[in-house]
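No experiment lies behind these values; they were computed from the predicted model shown. Here is the naming used below: chain letters follow the sequence lines, and residue numbers restart at 1 for every chain.
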Number of protein chains: 2
Amino acid sequence: MARETITLRRLAEVLGLSQTTVSRALNGFPEVNEATRARVIEAAQRLNYRPSASAASLATGKARTIGHVVTLGDHMMINPHFTDFVAGAGEVYARFGYEMLLRITGSEGEQDVYRDLISRRRVDGVVVHGPKTRDPRIPFLRKLGIPFVVHGRCEEDPASYSWIDVNNRRAFMRACNFLIDLGHRRIGLINGIETMNFADRRRQGYEAALAARGIDLDTSIMFSADMIEPHGYRAAAQMLSSRKPPTAVLVSSILPAIGVMRALAERELRPATDLSIIVFDDCLSFLQPGNEAVSGAIPFFTAMRSSMRLAGRRVAELLIEQIEGQHSAPKHELWEAELVIGHTTGPCAPAESQVPVRVKPFRRYS
Amino acid sequence: MARETITLRRLAEVLGLSQTTVSRALNGFPEVNEATRARVIEAAQRLNYRPSASAASLATGKARTIGHVVTLGDHMMINPHFTDFVAGAGEVYARFGYEMLLRITGSEGEQDVYRDLISRRRVDGVVVHGPKTRDPRIPFLRKLGIPFVVHGRCEEDPASYSWIDVNNRRAFMRACNFLIDLGHRRIGLINGIETMNFADRRRQGYEAALAARGIDLDTSIMFSADMIEPHGYRAAAQMLSSRKPPTAVLVSSILPAIGVMRALAERELRPATDLSIIVFDDCLSFLQPGNEAVSGAIPFFTAMRSSMRLAGRRVAELLIEQIEGQHSAPKHELWEAELVIGHTTGPCAPAESQVPVRVKPFRRYS
DNA sequence: CACCTCGTTCAAAGCGCTTTGGACATTATT
DNA sequence: AATAATGTCCAAAGCGCTTTGAACGAGGTG
């Protein structure tokens, strides 16, 4: 098993053919006799021949590898949603014969990481994770002239590059409207860090919905921080202990939402009856397995859903298209999140609501 | 910026030197005049020269890349603990100039993935994630004669390869003893999938602790499944609805523990008072940020802790040592988890306990 | 002065692929 | 029958590095 690795040259010798022919036979070129091709393939399999990746990429100039640069946040952690995304992207790479290169980096020097990856010709393209509202990486990558696709997008010139994003603004607007329809007037926001474009847009949606119904903003019930459990806990604890706690809250991820639950439990309060909670959950597979939705069971959290895994798949597909295809125009996809009703939302308790409650039957928003 | 990439040859031409000298100057060989070396380095920086990774690895035979093969579990998801591990490993790779290659695969054909990675010389070594109790990957990799380090270990011949593992047996034994000391006699187990070695050992620890105190096993309060929220929820729900619910429970990960909390809340029961919970949390960064422990705040869950990130770091270090160093003997590290007391454990309610309760003061186990 | 040793540099030979530009039979076309 | 058009195959030139073996002065020894 540990016998010397077999090279193209050896294989050609064994077969009594030239390297050219063997190479072409294996790579499916038409100008080789089908009989010889069969012989070659058989021998390659028998001798367990695998072309050297570095030799091939040196010769072709293609690395057949895609780079993912993930930045550690304030808490030096990788966004857990990332695993789902990567799983989706991985499927696609496997299908097309690409490798996935992962670089973990602190927030400084991200650009150097990209530059390094690219100028050493380690990757044919990169995917950009977690774009900020104004993100220097994008003009930088454009200038480098390398294929890339953004998961999310930036404020500036989004038409000039490919991206896939969820309509975060709309999702939060809708969720907020849903709460208002339930009679809530005092609605808190537990958002992610608002330099991130997605969080910024979520806030916009929240603000727009309130404004449209003539509800004033109250910054004392608006929070913004890393999307982790303790943040949700602290924010909820602070709101619930205030003289005028909200009756509902919009939470940016299921992680802080779990913290909200903890704060409620501590006070012997209950979701839906004491505090309505809507969470943007991105279908975190390890908390909310997709099959639950399929099987028809009612999920616990009322949530805006959008599959991270699907996003990973689609981003990978776009990127490969861009790498392999002729220079096509940038593509964009804006996905709508689905509002799924769970057990954490309910009508505003009459005592607290300033207007008559219009209870709507639970239903599944498109 | 998008000007043609500069090669070693060009750089040598510009400098009026041979490729040999330039290469050696950049790679720190001693036989080059320090004055020339300085000139070379300056020029390289000015012209933004980066050696081609594939050319270098073709010439040296080293890929300077390490492969991680992660297998999607039953729920087609990546274990979320993985992100922390990878973050740790990534730090080390960055420090030593290695890349990280990630391959996502279904459970079939894992071996082919390794074989492919290795025989195409894409990686210099691999790390094995989530070893099963008897895992065919290990003899397979040994036969291939490639450097690898296992995160966890297998039952068979663990002395023959390098690994880093947590003493899962001991951790669960200790946690179980702690509960027994609190007066609990009926202790449930919500374990991971027991074909996984770590889950198997955890169960052993649990069983050993009970046996040592003369408590009979009751398989109706022992559960084993993927470590996700719904599993914890279902297991807890089932136990709490039974005629004779446990007064304490050992949970294999913080994810199912969240499900346990949900089951409790649903029944208006409370942790510690109605059900003691100890969780093995692996310091999931997005739920239990390390700084909480450092800052002295009492964490919510009573937990057995062991840092995934540290494990990732150490595994990477061992692997690089193995790749670069002379053939040294396999190394093993067995880490002890730390038992940290939080808010989810308390004495067994007298009515339920069969023996007088011996309350111990809360303390931090080493 | 011849000889040796250093310190420094270089030409050239790979590493294992892909790809260009023929070569050489066959077969089809005139 | 001569020519053109295939259908198959090959030798050789790269791709951009690393590394071997040798060259060449300068300084140190006998």
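Atom CD in B:Gln19 sits about 10 Å away from atom P in C:dA11, given to the nearest Å. Remark: P of C:dG16 and CG of A:Leu8 are 11 Å apart, rounded to the nearest angstrom. Atoms CG (B:Leu58) and P (C:dA13) sit 17 Å apart, rounded to a whole Å. Between the CZ atom of A:Arg121 and the C1' atom of D:dG16 there is a distance of 8 Å, rounded to whole Å. A straight line from CZ of B:Arg37 to C1' of C:dT8 spans 12 Å, rounded to a whole angstrom. Here the C1' atom of nucleotide C:dT18 and the CG atom of A:Leu11 are 15 Å apart, to the nearest Å.
Within the 4.0 angstrom heavy-atom criterion, base atoms lie near A:Thr20. Backbone-only contact: A:Thr60 has heavy atoms under 4.0 Å from sugar-phosphate atoms and none from a base.
With respect to B:Glu34 and B:Arg37, a salt bridge is recorded, a charged nitrogen being found less than 4.0 Å from a carboxylate O. The pair B:Glu324-B:Lys62 does not count as a salt bridge, with every side-chain nitrogen at least 4.0 angstrom from each carboxylate oxygen. Salt bridge absent: A:Arg103 and A:Glu110 never bring a charged side-chain N and a carboxylate O closer than 4.0 Å. Between B:Arg134 and B:Glu156 there is a salt bridge, with a side-chain nitrogen of the basic residue lying less than 4.0 Å from a carboxylate oxygen of the acidic one. Remark: B:Lys331 does not engage B:Glu317 in a salt bridge, criterion side-chain N to carboxylate O under 4.0 Å.
Looking at B:Arg122, its side chain never comes within 3.5 Å of a backbone N or O of B:Thr65 through a donor-acceptor pair. A distance-only check finds a donor-acceptor pair linking the side chain of B:Arg137 to the backbone of B:His129 [under 3.5 Å].
In this structure, CG on B:Leu17 lies 13.5 Å from CZ on B:Arg24, to the nearest 0.5 angstrom.
Dashed line: the shortest gap from a side-chain N or O of A:Thr36 to OP1 or OP2 of D:dC9 is under 4.0 Å. Applying the 4.0 Å criterion to OP1 and OP2 of D:dC10, one finds that A:Ser18 has a side-chain N or O inside that range. Phosphate contact (OP1/OP2 of D:dC10, side-chain N/O of A:Thr21, threshold under 4.0 Å): present. The side chain of B:Arg120 places no N or O atom within less than 4.0 Å of a non-bridging phosphate oxygen (OP1 or OP2) of C:dC17. Put simply, B:Arg10 has no side-chain N or O that comes within less than 4.0 Å of OP1 or OP2 on D:dG16.
Of the two residues near DNA chain C, A:Tyr49 and B:Leu17, the one whose nearest nucleotide lies more 5' is B:Leu17.
Within residues 22-33 of chain B, the residues having any heavy atom under 4.0 Å from DNA chain C are, by residue number, B:Arg24, B:Glu31, B:Val32, B:Asn33.
Side-chain atoms of B:Arg9 lie closest to D:dC15 of the nucleotides D:dC17, C:dC17, D:dC15.
At least one side-chain heavy atom of B:His68 sits less than 4.5 Å from a side-chain heavy atom of B:Leu102.
The one candidate from B:Asp124, B:Val92, B:Leu319, B:Val123 that meets the side-chain contact (heavy atoms from CB on, under 4.5 Å) condition with B:Tyr98 is B:Asp124.
Over its length, the helix from C:dC1-D:dG30 to C:dT29-D:dA2 turns its helix axis by 60°, as judged from the five terminal pairs at each end, rounded to 10°.
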